[in-house]
There are 2 protein chains.
Amino acid sequence: MTDKDISTRPRRRTTLGDVAQRAGVSAVTVSRVLREPHLVSETLRERVATAASDLGYVPNRLASALASAQTNTIGVVVPSLTNGVFNDFLSALHNVFLPAGFQLLVLNSRYTDANEEKAIATLLGHHPEAMIVTGVDQTPGARRMLQHAGVPVVQVMELTDRPIDINIGLSQVEAGHAALRFLMERGCCRIAHLMAPLDARAVRRREAFEQEMVSRGMEPLVIASTRPTSVPLGAELLAALIERHPDVDAVWCSSDNLALGALFECDRRGIRVPEDISFMGFNDLEFCSIAHPAITSVATPRYEMGERTAEIVLEIIRGSGKRPEERRIDMGFEIRERDSTRKAPRP
Amino acid sequence: MTDKDISTRPRRRTTLGDVAQRAGVSAVTVSRVLREPHLVSETLRERVATAASDLGYVPNRLASALASAQTNTIGVVVPSLTNGVFNDFLSALHNVFLPAGFQLLVLNSRYTDANEEKAIATLLGHHPEAMIVTGVDQTPGARRMLQHAGVPVVQVMELTDRPIDINIGLSQVEAGHAALRFLMERGCCRIAHLMAPLDARAVRRREAFEQEMVSRGMEPLVIASTRPTSVPLGAELLAALIERHPDVDAVWCSSDNLALGALFECDRRGIRVPEDISFMGFNDLEFCSIAHPAITSVATPRYEMGERTAEIVLEIIRGSGKRPEERRIDMGFEIRERDSTRKAPRP
DNA sequence: TTGTATGCGTTATCAT
DNA sequence: ATGATAACGCATACAA
């Protein structure tokens with residue numbers, strides 16, 4: 001536990017020049033060995049390599065990027081890392097961008113506009129080759145920055161008529177209508193919606209829910225919390241619902257986490273699913289199919305959205321800025337019916 | 001949907017010089033307005049501010065970092081973003097570092113050493129002010145790089161006798177022994193362990209499990225999968241377990257996700273918890289207390305570990321490199337008993 | 001195949 | 001209070 005090994009640490013990081021000196025060559029040669037080894041003679045290549053290794057040389061990306069005007073970096077802003085939705089999306093981005101030689105810089109806005117704007121500013125400061133942001137509700141300031149960034153900008157997860165640049169997502173409103181119609185078709189008539197309005201997409205779905213209910217002459221029943229979505233929150237919201245409206249026959253949750261928590265709470269209270277209440281979630285996270293009862297959910301193509309986003313970005317970057325024909329790409333959604341909405345046929 | 005707004009985009013990003021020109025001042029003044037506004041006259045301050053805003057100026061962090069030798073960046077490597085464990089930890093880091101003016105650069109190693117080494121190299125290229133890495137099993141190459149980095153390095157989540165620099169975590173082995181003893185004390189004697197050995201911490205816990213079982217003259221029963229932990233995997237592992245060993249009376253899962261999936265599978269198969277099988281997880285993720293039955297788990301202080309890590313790093317950075325007295329900090333763990341291990345008293 | 005000169009956008013230092 | 005100048009570490013263009 002002595003401090004010796006620490007006090008002897010180098011104060012100055014080793015640079016190209018240091019390696020060059022040790023190898024007895026010029027700095028450019030070292031740079032070449034790292035970037036274009038085939039252009040350097042075998043002898044020097046090895047000498048430089050060992051020198052670099054001896055000194056534990058790590059290239060300074062900042063200097064490199066500054067000099068080359070190439071950061072090989074993609075900026076990404078998501079509102080949450082806890083929510084499984086964004087993990088799948090990020091996973092896809094990783095899988096396409098890393099092999100292509102790009103690095104992901106991911107910042108978390110925690111569902112607040114101010115944080116998002118700050119995150120965008122921070123990322124732009126790193127001069128990414130492209131920006132990928134979640135949703136379409138950026139602040140005017142953020143929009144301005146993105147428009148001036150001079151790099152491809154992709155808004156993902158939902159759709160808008162007025163994209164900053166490229167827009168890849170799905171219609172949250174259509175998904176909301178579809179979910180509600182699905183429950184109606186299965187004979188549910190007293191339907192409640194549980195949600196957490198921190199998520200802008202969830203708000204769009206709620207609006208679709210309310211609109212659809214009203215248009216059918218029914219009273220929209222929404223239980224919301226300003227906390228972010230989570231399993232415990234689902235249990236809480238269901239408890240609140242049942243106390244106020246014990247007569248509901250279906251619950252649509254704005255996220256699968258809420259649905260899972262609500263399901264637990266039903267179990268705890270002896271409410272049978274789907275016999276007493278039908279249940280439906282959103283996003284189709286992996287646990288939906290494995291829960292008991294399995295949860296009906298609206299599957300969103302998160303992974304595919306990520307792949308598509310990455311491919312389009314790469315095409316633009318490599319193809320000298322050529323945008324795709326369509327600036328607005330609808331990836332759609334799909335309802336996966338499972339036991340939580342399969343009531344036994346009426347006798 | 002025209003391309004006009006795109007084709008008119010600036011090809012060159014606006015720089016300090018551009019802003020200076022527009023404001024009719026020198027570049028240095030602009031720089032000062034941004035960093036030390038109090039040293040600049042009111043008039044110029046405003047003129048520069050509007051010029052910067054008009055041009056949508058975003059400072060180039062790379063150039064800034066290069067010139068000042070200060071990146072205000074903390075490098076972090078975690079093996080997974082899907083696993084709730086790391087979210088809580090990252091959350092804590094965010095909460096302490098962001099207000100302190102630092103930015104987090106988080107890379108995901110996806111549970112593989114090669115990725116981790118690459119991630120560490122990448123992060124070091126950004127010249128972070130400190131490095132935080134998960135676990136204590138870095139490759140020799142990674143260790144070397146970290147030792148030469150000249151910045152504080154914190155290894156988190158588990159403990160080692162041979163830390164690179166600072167080590168903050170808990171004894172996974174002790175936690176493993178404790179979990180097993182806990183089940184034994186409650187009368188379980190045919191205990192199985194479900195795990196995903198991709199996680200090095202999980203492997204340590206398994207070793208503790210096996211050792212404890214053998215030392216009691218019992219046969220260690222382990223069902224593992226090389227896939228990363230997930231809810232569906234828990235269901236699969238339980239199915240495999242029951243088919244081979246229908247007589248188990250307790251299951252300890254190496255992660256709460258596995259426990260949740262296993263619990264669903266029990267439900268599906270009509271196995272009662274805890275009457276037929278007692279269940280125990282690890283980490284005490286938020287859904288444990290809300291599940292039905294609620295899941296007994298080993299609570300790990302993830303958030304506190306993050307806070308402690310950040311505080312120590314800040315102290316070192318600000319206190320001219322002074323390390324804390326103890327380079328190895330044990331944050332402990334705690335078993336939270338819930339219904340999944342509360343068998344009814346024998347009559 | 002290797003080296004020299006120049007510049008990337010910013011900050012630090014020193015003048016004014 | 002403001003400006004001129006020299007770094008920072010590397011990559012590009014060009015020369016040898």
Side-chain angles (χ1 to χ4, degrees), chain A residues 10-49 51-52 55-73 101 122 124-129 149-150, chain B residues 10-49 51-52 55-73 124-129 149-150:
Chain A
R11 297 208 36 253
R12 199 176 60 83
R13 304 267 302 255
T14 80
T15 70
L16 260 191
D18 299 335
V19 179
Q21 196 170 2
R22 185 176 235 264
V25 298
S26 78
V28 210
T29 304
V30 179
S31 174
R32 260 197 287 263
V33 170
L34 272 63
R35 290 175 303 107
E36 312 164 300
H38 57 282
L39 294 182
V40 181
S41 70
E42 177 101 23
T43 350
L44 283 195
R45 205 187 314 161
E46 288 192 4
R47 227 164 65 207
V48 169
L55 295 173
Y57 172 67
V58 179
N60 186 335
R61 281 187 62 92
L62 301 157
S64 165
L66 186 60
S68 69
Q70 281 233 335
T71 57
N72 290 328
T73 278
T122 302
L124 287 179
H126 284 267
H127 282 220
E129 317 277 358
Chain B
R11 295 209 39 251
R12 197 177 61 82
R13 303 267 302 252
T14 82
T15 72
L16 216 45
D18 299 334
V19 179
Q21 196 169 5
R22 185 176 237 262
V25 298
S26 79
V28 203
T29 303
V30 178
S31 175
R32 258 197 288 263
V33 169
L34 270 64
R35 288 175 304 106
E36 313 165 297
H38 58 282
L39 293 182
V40 181
S41 71
E42 177 99 23
T43 351
L44 281 196
R45 204 186 314 160
E46 288 193 3
R47 225 162 68 206
V48 169
L55 295 173
Y57 171 66
V58 179
N60 186 335
R61 283 187 60 93
L62 291 87
S64 164
L66 185 61
S68 68
Q70 283 234 336
T71 57
N72 290 327
T73 279
L124 287 179
H126 284 268
H127 283 221
E129 318 277 357

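Chain identifiers are assigned alphabetically (A, B, ...) following the order of the sequence lines, protein sequences preceding nucleic acid strands; residue numbering begins at 1 within each chain.
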Nearest whole angstrom, please: distance from the P of C/dC8 to the CG of A/L62. 18 Å
Any residue of residues 38-49 of chain A with a heavy atom less than 4.0 Å from an atom of DNA chain D: none
B/Y57 side chain near C/dG9 phosphate (N/O to OP1/OP2, under 4.0 Å): no
With a 4.0 Å cut-off on heavy atoms, is A/L16 in touch with a base, just the backbone sugar-phosphate, or nothing at all? sugar-phosphate
Interatomic distance, B/D18 CG vs C/dC8 P [rounded to whole Å]: 11 Å
A/S26 vs C/dT2: side-chain N/O to OP1/OP2 distance below 4.0 Å: no
Between atom CG in A/N60 and atom C1' in C/dC8, what is the gap in whole Å? 13 Å
Between A/R13 and B/A149, what is the shortest heavy-atom contact and its length? CD-O, 3.2 Å
Shortest non-hydrogen contact from A/H127 to A/T71? O-OG1, 2.6 Å
From the 5' end of DNA chain D to its 3' end, which nucleotides mark the outer limits of contact with chain B, defined by a 4.0 Å heavy-atom distance cut-off (strictly under)? D/dA1 to D/dG9
Side chain proximity check, A/T73 to A/R61, heavy atoms < 4.5 angstrom: yes
Between B/S68 and B/T29, who's closer to the 5' end of DNA chain D by nearest nucleotide? B/T29
Working to the nearest 0.5 angstrom, can you tell me the gap between A/S68 OG and A/R35 CZ? 8.5 Å
B/L34 CG to C/dG9 C1', straight-line distance once rounded to whole Å: 13 Å
How far apart are the closest heavy atoms of A/L66 and B/A63, and which atoms are they? CD1-CB, 3.9 Å
Report the distance from atom NE2 of B/H127 to atom P of C/dT11, rounded to the nearest whole Å. 18 Å
Under 4.0 Å between a side-chain N or O of B/S31 and OP1 or OP2 of C/dT10? no
Separation of C/dC8 C1' from B/R61 CZ (nearest whole Å): 17 Å
Side chains of B/T43 and B/R47: donor-acceptor distance under 3.5 Å anywhere? no
